[in-house]
Structures are given as structure tokens and as C-alpha cells.
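Working notes, beginning with the structure itself.
All of these numbers come straight from a predicted model, not from anything done at the bench. When a ligand or atom number is given, it counts from 1 through the structure's own listing order.
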Amino acid sequence: MAASPNGIARELAALVGAEHVLEVPAGSEYNHDLSRRRGVEGRADAVALPGSAQEVAALVGWCYDHDVPITPRGGGTGLTGGAVPTEGGVVCSLERLRRVRELEPSLWRMLPEAGVPTREVQRLAREHGLFFAPDPGAAEQSQIGGNVATNAGGPHALKYGVTGAWVAGVEVVLAPGELLEVGGWAAKDVAGYDLRSLLIGSEGTLGIITAVRLRLLPAPAAAIALVVFLGSREEGCAAVDELLGSGLRPSVLDFLDGDALGPLAGSYPGSAPDGAGFALIVEVDGSRAEAQAQRAEMLEILGGFPMVADEPADQAALWRWRDGVNGVLTGVRGAKVSEDVVFPRERLREGLERFEAIASKHGLRSCSFGHAGDGNVHATVLVDPAREDELDAADAVSEELFELVVELGGSIAGEHGVGSLKRGRLESQWPRRALELHEQVKRAFDPKGLFNPGTKLARYPAARRSYQSRKEAR
Ligand SMILES: Cc1cc2nc3c(=O)[nH]c(=O)nc-3n(C[C@H](O)[C@H](O)[C@H](O)COP(=O)(O)OP(=O)(O)OC[C@H]3O[C@@H](n4cnc5c(N)ncnc54)[C@H](O)[C@@H]3O)c2cc1C
């Protein structure tokens, strides 16, 4: 809907065209992301859909001149409230920046604009025999700019790294409205501080990414995925250690604990044994011969464990099953509260055990799943959204989980970002001097504090942090 030509909207219309400025009714999707269930909602004064990097620069320039907050928005699939205009102002949606400016198959590289959907980047690479390795779960809706801004992960991050590992450079609009490039195609560059890495994962708080130089790889000829069912969490974690300790490099090493596996067993697209207490989803890749050899080696390594390995004939169905985890677990009791955290891998078993004990102490049913090889766990409690006591208990579980993660030397955020939901939690993880540097970096890039205010704050009063599982559940 075009905005009535008044106030901010009229001014923005002069920059990007009236038809590209939207009115924002209270329920508009531009006021939230997928953390809405957790109560994170904003109220944008206007949404602007710039059609070029130059228009983004003009928008930022206008916001900086007028002290108006500006929140970049990609596909809106974030789970931590990063793209939410919690302090009002302008939402800058990148959805019209959808051009792929360069695709050079022989040089293994691509330069998409920020608004190109992740799936499109993956598809284009494949069409040219190449491979864009990052595979975050909402690839149909998320944008490459959003993936870079959150440094998104996914199952293949174990072997290939997170999104930032594939970013050679970013085109970005910085305060007070300047378009520039950071990084480039040079394979090695240590000439200055690594500004590119500062922008990767900055969640829209330092500038607005308008295009990304991506490195690609030749696509592996073959990938074989197996599900390995084990008797218990103890055996499952020991199997992870054995596999990785052997020097094998699986491309994926995901897990589901017994409590996650139970509700999912019925929809498994192969033959799942009864009573399994842990499952590993393992993928190996390479040339056909390499993949087969690694598969055999993996089974040999796991031969010491009582386990059942299953290789579903329909491998695509296996990944659809894995992608369906969230929906199935939500359905068990009507709602779930899931936290994205990381344990050092050698403390994975302890982390999972102690998380279960925390949930149980608070009377809640829990389960865990995620990327075992990275120690990246989606620690989950299953709740009845109508039960106030369970929702309060879920808050308490999350608090204790974050304390546990820090005690074990892990991280309060593995791949979903900090957004507004986890603001201030870094304070328990980093030393004071590092927190100060974090804040100084923000001020250096954004002296007026207008880029996505309220997001990714290193420090924030705990009393105002209200953890809102109650709203998530609804
Ligand atoms: C079903 C499901 C599965 C998921 N699986 C994964 C997963 O496996 N791994 C994972 O890492 N995440 C996962 N996510 C979370 C989410 O998809 C990722 O965080 C994704 O990278 C967000 O991209 P987006 O384009 O939707 O960004 P948005 O949600 O729109 O924004 C995310 C953050 O990036 C900022 N931003 C967006 N675009 C730009 C830009 N051009 N310039 C500067 N800042 C920008 C926003 O301000 C915000 O802070 C999943 C989400 C869902 C719903």
C-alpha cells in the first residue's frame, strides 16, 4: 500500500519513489520477524523499498540528517528480533535489490545484491557446476544480505564454515550515507584491519549491506547422508568424538536427542529402530569414490558402538524430515521455547545432560537437536501455551541455560544472532575491556546510534531484559 504523502513518508518518496514507500499498519510483517511469538514487535514510521545501492545511501543520508533510526530488513526470517524496528523510524527493506551483478563460473565467484534470496544463490551456483556451501534453514525466504548480516550457519558449516567464510567483500552504506566497498576479489589481503569481518554478523547495526562478493566451490560430485541411531546420549556423544577424532571430515554431523527423536520417529522416511536414544545425521561428500570410501570408513569407526545405520533411498526426503523438526516439536505440547547456544564440543554431553536437568528441575519436558560437530545446540523446552506456570518456568530454564553455557566456555549465540532478544547477554561471556571495544566499534561506525538501535547491544540492564517465552508460546 502506498503511504499517504505526508511526514517521513513524503520525504522518503522523494528518494525512492512514492510507490516504494509503504504504510505500516500495526500488524504489518515489517514490524516483526519470526521472533514475534516471543513478543518482539516494533512500530515503523515508514518502510522504504530502495531500488539501488545509491537509493539506500540516500535513505541513510536522510535518516542521519534527521536523527531517524533505520533498520535494515532482509527476508524477515530472523529468530531474535534483529530486523524489528523496536525504536520506530524507517525500515529499509532490501527486497528490490535482486540483481546478480556478476557470475564468473571459471573464477568460482558471484556478486549478488543483498536482496537475492539464499536459495537463488545456491541454485545459480549449482547450475554452473558450483557450490555455495552455507545452508541456513529458511533459504527460500532469507536473503543473502541477511545471511551475511547474521553470519548464518547451517548443517554444512561443520566442513565448510559459516556464511562469512565465503564472503570476499561487501558493498555497504555507512553513516552518514556513504556507499563503499570493503574487501574485494584479491585472494589474500592483510593490508588493514579486517573491516569486512566486522560487518559480517553485525546484524544491521554498523551499516546496510547492498551487495556481496561471494566465493564458490566446485560442487562435490556426490554426497551421501546416513542416519545413525544409537542407544543413548552418552553413546551418541562418544560416537561424535570418535568420528571427528579419527580425522574423518563429514560435511554434516547433526543430532537429535532421544526426546526430540521420539516425536519425529513416525515421519522418518526410512526404517528407524525402536527405542533409539540418540540419532546422528551424517553426510560425507567428495568424488563418488571418496564419498563411498568415507561412508565405509565412518561405519567402520562406528562399528564399536551398538547402533543402526540407515541410508534412506530418498535423500531429499531425509533433509525434508530434518527441516521439519521445528514444526513437529512445536506440535507436541502446543508450543516450544528454543535457545540457540554453543558448547565446546568436548563438553557437549555435559551441556546436554545439565540442560535436561535444569528443565526437569523446573518441571518441564525438554529436548535438544542441532549441529553436534560444532557443539551448536537448539536447547528446547516443550510447553503448553495456556499454562502460565510452564511459561514462567521456561524463562527460568533459559536464564540457567545461558549461565551454564558461559560456565562451560561456550557461546550464548551460535547462528541465530543476538537481535533484541539476547541483548546484554554478551556481558556474562566477555571480559569488560572486550565489551568496551565492542561498544567503541559501534560508535566508530554509527556515532549517532541510528543503525538498528536496541540490537546486538553488548550490555543492557538485566531488569529490562524481560525474557518473553510467554508470548513466544502464543
Ligand atoms: C525455519 C527456520 C530455519 C532457520 N535455520 C537457520 C539455520 O540453519 N542457520 C541459521 O544461521 N539461521 C537459521 N534461521 C534464522 C534466519 O533464517 C537467519 O538468521 C537468516 O540469515 C536471516 O536472514 P534474513 O534475510 O531473513 O534476515 P532478516 O531476518 O531480515 O534480518 C536479520 C538481521 O540482519 C539484518 N539485515 C538483514 N539484511 C541486511 C542488510 N542487507 N544489511 C545489513 N543488515 C541486514 C537485520 O537488520 C537483522 O538484524 C532459521 C530461521 C527459520 C525461520
Side-chain angles (χ1 to χ4, degrees), residues 29-30 32-37 40 42 44 50 53 56 59-60 69-86 89-98 112-121 134-158 162-164 170-174 199-212 252 254 319 322-327 329-330 338 340 342 369-371 374 376 378 413-423 445-446 451-456:
E29 60 175 315
Y30 293 101
H32 59 83
D33 65 4
L34 293 182
S35 66
R36 186 181 196 178
R37 292 163 299 158
V40 184
V56 175
L59 274 177
V60 170
I70 185 162
T71 300
R73 182 185 179 87
T77 68
L79 297 168
T80 57
V84 180
T86 50
V90 173
V91 167
C92 173
S93 175
L94 281 303
E95 64 204 73
R96 291 181 60 226
L97 268 68
R98 289 187 67 139
E113 291 184 334
V116 175
T118 315
R119 184 70 81 220
E120 179 74 359
V121 170
D135 56 346
E140 297 289 347
Q141 299 85 33
S142 68
Q143 298 175 1
I144 191 64
N147 296 158
V148 175
T150 53
N151 203 2
H156 287 85
L158 174 64
V162 291
T163 301
V170 290
E171 181 188 84
V172 63
V173 175
L174 298 179
L199 290 161
I200 293 167
S202 63
E203 299 183 44
T205 61
L206 304 183
I208 303 186
I209 296 163
T210 50
V212 194
V252 175
D254 277 8
W319 289 114
R322 165 66 182 85
D323 289 345
V325 168
N326 276 304
L329 294 179
T330 300
S338 211
D340 161 48
V342 188
F369 60 96
H371 313 301
D374 295 325
N376 187 181
H378 302 314
E415 58 179 15
H416 294 168
V418 168
S420 30
L421 265 183
K422 290 184 177 174
R423 61 184 159 193
F445 275 84
D446 183 18
F451 280 116
N452 211 351
T455 293
K456 211 174 176 83

> Step by step, would you call Thr77 with Ser142 a side chain to side chain donor-acceptor pair (under 3.5 Å)?
Replying inline: CA-CA 6 Å; Thr77 68; Ser142 68; 4.7 Å; no
List every atom of ligand 1 that sits less than 4.0 Å from any heavy atom of [X], numbering the atoms from 1 in the order shown and giving each element.
X	result
Ala114	41 (N)
Ala152	11 (O), 21 (O)
Ser142	23 (O), 24 (P), 25 (O), 26 (O)
Leu34	53 (C)
Gly82	47 (O), 48 (C), 49 (O)
Glu203	35 (C), 47 (O), 49 (O)
Ala138	2 (C), 3 (C), 4 (C), 17 (O), 51 (C), 52 (C)

How long is the span from the [atom1] atom in [X] to the [atom2] atom in [Y], to the nearest 0.5 Å?
X	Y	atom1	atom2	answer
His378	His416	NE2	NE2	4.0 Å
Leu199	Asn151	CG	CG	11.5 Å
Arg73	Glu95	CZ	CD	8.5 Å
Ile209	Ser202	CD1	OG	5.5 Å
Phe451	Leu206	CZ	CG	8.5 Å

Please tell me if the side chains of [X] and [Y] come closer than 4.5 Å, counting only heavy atoms from C-beta onward.
X	Y	value
Glu415	Asp340	yes
Leu158	His371	no
Leu94	Val56	yes
Pro69	Pro85	no
Ile208	Ile70	yes
Gln143	Leu97	no
Val40	Thr86	yes

>> Under a plain distance cut-off of 3.5 Å, with no hydrogens placed, do Thr163 and Asn147 share a side-chain donor-acceptor pair?
In response: no
For ligand 1, is [X] a contact, meaning one of its heavy atoms is under 4.0 Å away?
X	value
Leu79	yes
Gly207	yes
Gly76	yes
Gly417	no
Leu94	yes

Side chain, backbone, both or neither: which part of [X] comes within less than 4.0 Å of ligand 1 when only heavy atoms are counted?
X	answer
Asn452	side chain
Ala83	both
Thr77	both
His416	side chain

Is the shortest N/O to N/O distance between [X] and ligand 1 below 3.5 Å?
X	result
Pro136	no
Asp33	no
His371	no
Gly137	yes
Glu415	yes
Pro155	no
Thr150	yes
Gly75	yes

Closest protein heavy atom to [atom], given as residue, atom name and distance to 0.1 Å:
atom	value
atom 27 (O) of ligand 1	Gly146 CA, 3.7 Å
atom 47 (O) of ligand 1	Pro72 O, 2.6 Å
atom 29 (O) of ligand 1	Gly78 N, 2.8 Å
atom 41 (N) of ligand 1	Ile209 O, 2.9 Å
atom 34 (O) of ligand 1	Ala149 CB, 3.4 Å

Main-chain N/O of [Y] paired with [X] side-chain donor or acceptor, under 3.5 Å:
X	Y	value
Gln141	Gly75	no
Asp135	His156	yes
Thr205	Thr455	no

> So which of Thr80, Val170, Leu97, Asn147 gets nearest to atom 20 (C) of ligand 1, if we judge by its closest heavy atom?
Replying inline: Asn147
